[in-house]
Amino acid sequence: MTDSTEPATPTPAASAAPSPTGRRNATPVAAAAAVRVRFCPSPTGVPHVGLARTALFNWAFARHHHGSLVFRIEDTDIARDSEESYQMLVDVLGWLGLSWDEGPDIGGPHAPYRQSQRMDIYADVAARLHRAGHAYECFCTPEELDQRREAARTAGQPSGYDGHCRNLTHADRDRARAQGREPVLRFRMPGHTITFTDLVRGELSFAPEHVPDYVLVRANAHPLYTLVNPVDDALMGITHVLRGEDLLSSTPRQIALHAALADIGVGVGAPIAFGHLPYVMGEGNRKLSKRDPESNLLLYRERGFLPEGLLNYLALLGWSIAEDRDIFDMSEMVEAFDIARVNPNPARFDLRKCEAINAAHLRQLDPGDFANRLVPHLQAARLLADPVPAEDAALLAAAAPLVQQRMVTLGEAVGMLGFLFRAETDFRVESEAIESLGTEDGRVLDAAEATLEELGDFSAAGVQAALRAALVDSLGLKPKLAFGPVRIAVTGRRVSPPLFESIELLGRERTLARIRALRAALG
RNA sequence: GCCCUCAUCGUCUAGCGGCCCAGGACACCGCCCUUUCAAGGCGGCAGCGCGGGUUCGAAUCCCGUUGGGGGCACCA
């Protein structure tokens, strides 16, 4: 049996060499051994940003070390898991571009990758652990457990399982069964302190009295996470486990179980290194919960966040690429990622910064790429047909560069470009924009109409020269007051793409019609 | 109650004993540019929780304390 007090590093020798950029000089990542990490969500509810961050760090770690990422579905909780949730997971990970090497959809040498399809494996391993003495039947009822836990707590003692059924005789078990008790299978923890080197936190130590024996299999024979997660990690040859810090205190139990699994010949028996990533917090001092709207990954896609923008922001939650830089792409992250440089303290999710990072990526997009990414959002708002008609595609190609610098998410294109793609019968001036107008603005519209009617050169430059002459020079208006009413008439909003380019794209007829319509509405 | 863990501007972070009377980013506030809104440029505000050590020297190491978070399930 492997001695669990040894640090859980694949090759202790590897930690002797300081990592070039590592904050701790122990970066227990063996260069020679192939890195295998996994991402193993349970498909409950809507995909969460914390989950994406964990997936991202695992992905970056695997890619940095030229290792493998295993995607595994932990669907052993029949009551909460759903197929719909599983689909959303696959879908949103695909959108983010976090690719995996083995998984339920693509298979791999350790298939199946859905735990609900591996129940026979767990039953077999459980039986072997039992036979080898690493686990025992526990007949305590939940009520008895509660009672003793409460008593221990009031006495100031550790309140975990007290080992009541650890050494039952045959006769004891027969008696319990005769009473109608159904046993759970409980893991027998070794009696020594468990110490390991966490990849992000350094050396951690747990005394035996605080890591009590725990349940592996329910009385109804249903295997628990406590069993299936380590069993699959062992069987699938996982070398590094990067997960949320909520799992930190269950790590000694898993290390002990891994040792027992090695003892009975399950898996290759290589120790696994653990790294616990800090929480992603929401408002206040709470962990970001499913209730917080900003936790819902699907919403980011709907709003038109770029995968590269969201990922960039998520990477910043606990990690940084350099002292004076925070905009980077995923190839740069893969290149630079070092688990030892992950910051152990919890990070608060800041939607404003997430938006700012996204906007930076939006601006960096190639104009053609940017226009293409706008299409689904314009279609969802019914501004574009599917497929996109050629003339609309041309219009979009011309209009997109006008708004690329002034948007935060792709979804904003609906408001910014709606005036170009909406039929005249559907065009409306926003009420807030109308309210900002005064009666004297009618004069401005009259002058604009007269000028544009006469104008031969309807290019942006031509329109600008003509309107400036008519409104600013002749009427003596400040540019802001001169062009404001025209902007509202033409685009329907107070905020729009640059006015003269917008007019050029809209064309003479539609421009004049809209100016007349607003003029009439003003009375 | 017991155990574990975390601690630098409002927020995310850089910092690994002298390059730091602490650097960057978001947010915020000015100014410039300007047809709106952005973008961009320039400038500003703002932080090492507290107390002891160690050291010639501490944001950095140690101890304590305070505060936050997590765990102590037949959930994952």
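In what follows, every heavy atom counts, from backbone to side chain, and hydrogens, waters and symmetry copies are set aside. Proteins come first, then strands; the chains are lettered A, B, ... in the order of their sequence lines, and each starts at number 1. What you see is a predicted model; the values in this text were computed from it and never measured.
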Span that lies between the P atom of B:G30 and that of B:U13, in whole angstrom: 29 Å

Which residue lies more 5' along RNA chain B, comparing A:Pro498 with A:Pro212 via nearest heavy atoms: A:Pro498

Reckon A:Ser496 has a side-chain N or O less than 4.0 Å from the OP1 or OP2 of B:C37? no

Classify the side chain of A:Ser250 versus the base of B:G71 as yes if they form a donor-acceptor pair under 3.5 Å and no if they do not. no

Any base atoms under 4.0 Å from A:Arg243, or only sugar-phosphate, or nothing? Heavy atoms, all strands. nothing

Within the 4.0 Å heavy-atom criterion, would you say A:Pro479 contacts the bases, only the backbone, or no part of the nucleic acid? sugar-phosphate

Atom P, compared across B:G1 and B:A14: separation rounded to whole Å: 33 Å

Rounded to whole angstroms, how far apart are NZ on A:Lys287 and C1' on B:G68? 16 Å

Tell me whether the NZ or CZ atom of A:Arg514 lies within the 45° cone about the ring axis of A:Phe427 and under 6.0 Å from its centre. yes

NA contact type, A:Gln115, heavy-atom cut-off 4.0 Å: base, sugar-phosphate, or nothing? nothing

Counting the atoms with a prime plus P, OP1 and OP2 as sugar-phosphate, which does A:Val215 contact under 4.0 Å by heavy atoms, base, sugar-phosphate, or nothing? sugar-phosphate

Taking only the P atom of each, what is the distance from B:U35 to B:A22 in whole angstrom? 41 Å

Between A:Pro41 and A:Arg487, which is nearer to the 5' end of RNA chain B once each is assigned its nearest nucleotide? A:Arg487

Which of parallel (below 30°), tilted (30 to 60°) and perpendicular (above 60°) describes A:Phe71 and A:Phe39? parallel

Name the nucleic acid region contacted by A:Gly484, choosing base, sugar-phosphate or nothing; use a 4.0 angstrom heavy-atom cut-off, strictly under. nothing

Roughly, in whole Å, what's the span from CG in A:Leu316 to P in B:U11? 16 Å

Taking only N and O in the side chain of A:Arg341, is any of them less than 4.0 Å away from OP1 or OP2 of B:G15? yes

Work out how far the P atom of B:G44 is from that of B:A25, and round it to whole angstrom. 13 Å

So what does A:Leu247 touch, heavy atoms closer than 4.0 Å: a base, only the sugar-phosphate, or nothing? base

Applying a 4.0 Å non-hydrogen cut-off, can you work out what A:Ser42 is touching in the nucleic acid: base, sugar-phosphate, or nothing? sugar-phosphate

Same-atom distance (P) from B:G23 to B:G15, integer angstrom: 15 Å

Roughly, in whole Å, what's the span from CE in A:Met407 to C1' in B:C37? 13 Å

Ranking B:C6, B:C74, B:A73 by distance to the side chain of A:Arg201, first place goes to B:C6

Do the side-chain N or O atoms of A:Arg352 get closer than 4.0 angstrom to the phosphate oxygens (OP1, OP2) of B:C28? yes

Over how many whole Å does the gap from A:Asp232 atom CG to B:A76 atom P extend? 13 Å

Check: A:Arg348 side chain, A:Leu288 main-chain N or O, donor-acceptor pair, under 3.5 Å: no

From CZ of A:Arg286 over to C1' of B:U11, roughly how many Å is that when rounded to an integer? 16 Å

Sugar-phosphate, base or nothing in reach of A:Arg468, heavy atoms under 4.0 Å: sugar-phosphate

So with a 6.0 Å cut-off around NE2 of A:His130, is the heavy-atom count from everything else above 12? yes

Closest of B:C37, B:C26, B:C75 to the A:Val495 side chain is B:C37

Are any of the side-chain nitrogens in A:Arg373 or A:Glu308 under 4.0 Å away from the carboxylate oxygens of its partner? yes

Closest to side chain of A:Phe483, choosing from B:U35, B:C4, B:G69: B:U35

Which whole-number value in Å describes the distance from A:Asp324 CG to B:G24 P? 9 Å

Under 30°, 30 to 60°, or over 60°: which ring-plane class applies to A:Phe328 and A:Trp319, parallel, tilted or perpendicular? perpendicular

What about A:Lys353, does its side chain sit under 3.5 Å from the base of B:A27 through a donor-acceptor pair? no

Main-chain N/O of A:Asp292 paired to A:Ser295 side chain as donor or acceptor, under 3.5 Å: yes

Checking all strands, does A:Leu224 fall into the base, sugar-phosphate, or nothing category for heavy-atom contacts under 4.0 angstrom? sugar-phosphate

Let me know the distance between CD of A:Gln405 and P of B:A39, rounded to the nearest Å. 10 Å

State whether the distance check finds a donor on one side and an acceptor on the other, under 3.5 Å, for side chain A:Arg406 versus base B:U36. yes

Can you check whether A:Ser320 has a side-chain N or O nearer than 4.0 Å to OP1 or OP2 of B:C12? no

Gap between atoms CD and P, on A:Glu245 and B:C6 respectively (whole Å): 9 Å

Within the structure shown, what part of the strands sits under 4.0 Å from A:Leu145 by heavy-atom distance: base, sugar-phosphate, or nothing? sugar-phosphate

Does A:Arg348 get its side chain close enough to the base of B:U11, under 3.5 Å, for a donor-acceptor pair? no

When you compare B:C16 with B:C75, how far apart are their C1' atoms, in angstrom units rounded to a whole number? 39 Å

Can a salt bridge be assigned to the pair A:Glu355 and A:Arg303 using a cut-off of 4.0 Å between side-chain N and carboxylate O? yes

Heavy-atom donor-acceptor pair, A:Ser249 side-chain to B:C4 base, under 3.5 Å: no

Counting Watson-Crick and G-U wobble pairs only, both distances under 3.5 Å, name the nucleotide matched with B:C72, or none. B:G1

Salt-bridge criterion met for A:Arg38 and A:Asp232 (N-O under 4.0 Å): no

On a whole-Å scale, what distance lies between the C1' atoms belonging to B:C4 and B:G43? 47 Å

Phosphate oxygens OP1/OP2 of B:C72: is one of them under 4.0 Å from a side-chain N or O of A:Arg153? no

Could you measure between the two C1' atoms, the one in B:U11 and the one in B:C28, and give it in whole Å? 12 Å

The nucleotide from B:G10, B:G70, B:C2 with an atom nearest the side chain of A:His210 is B:C2

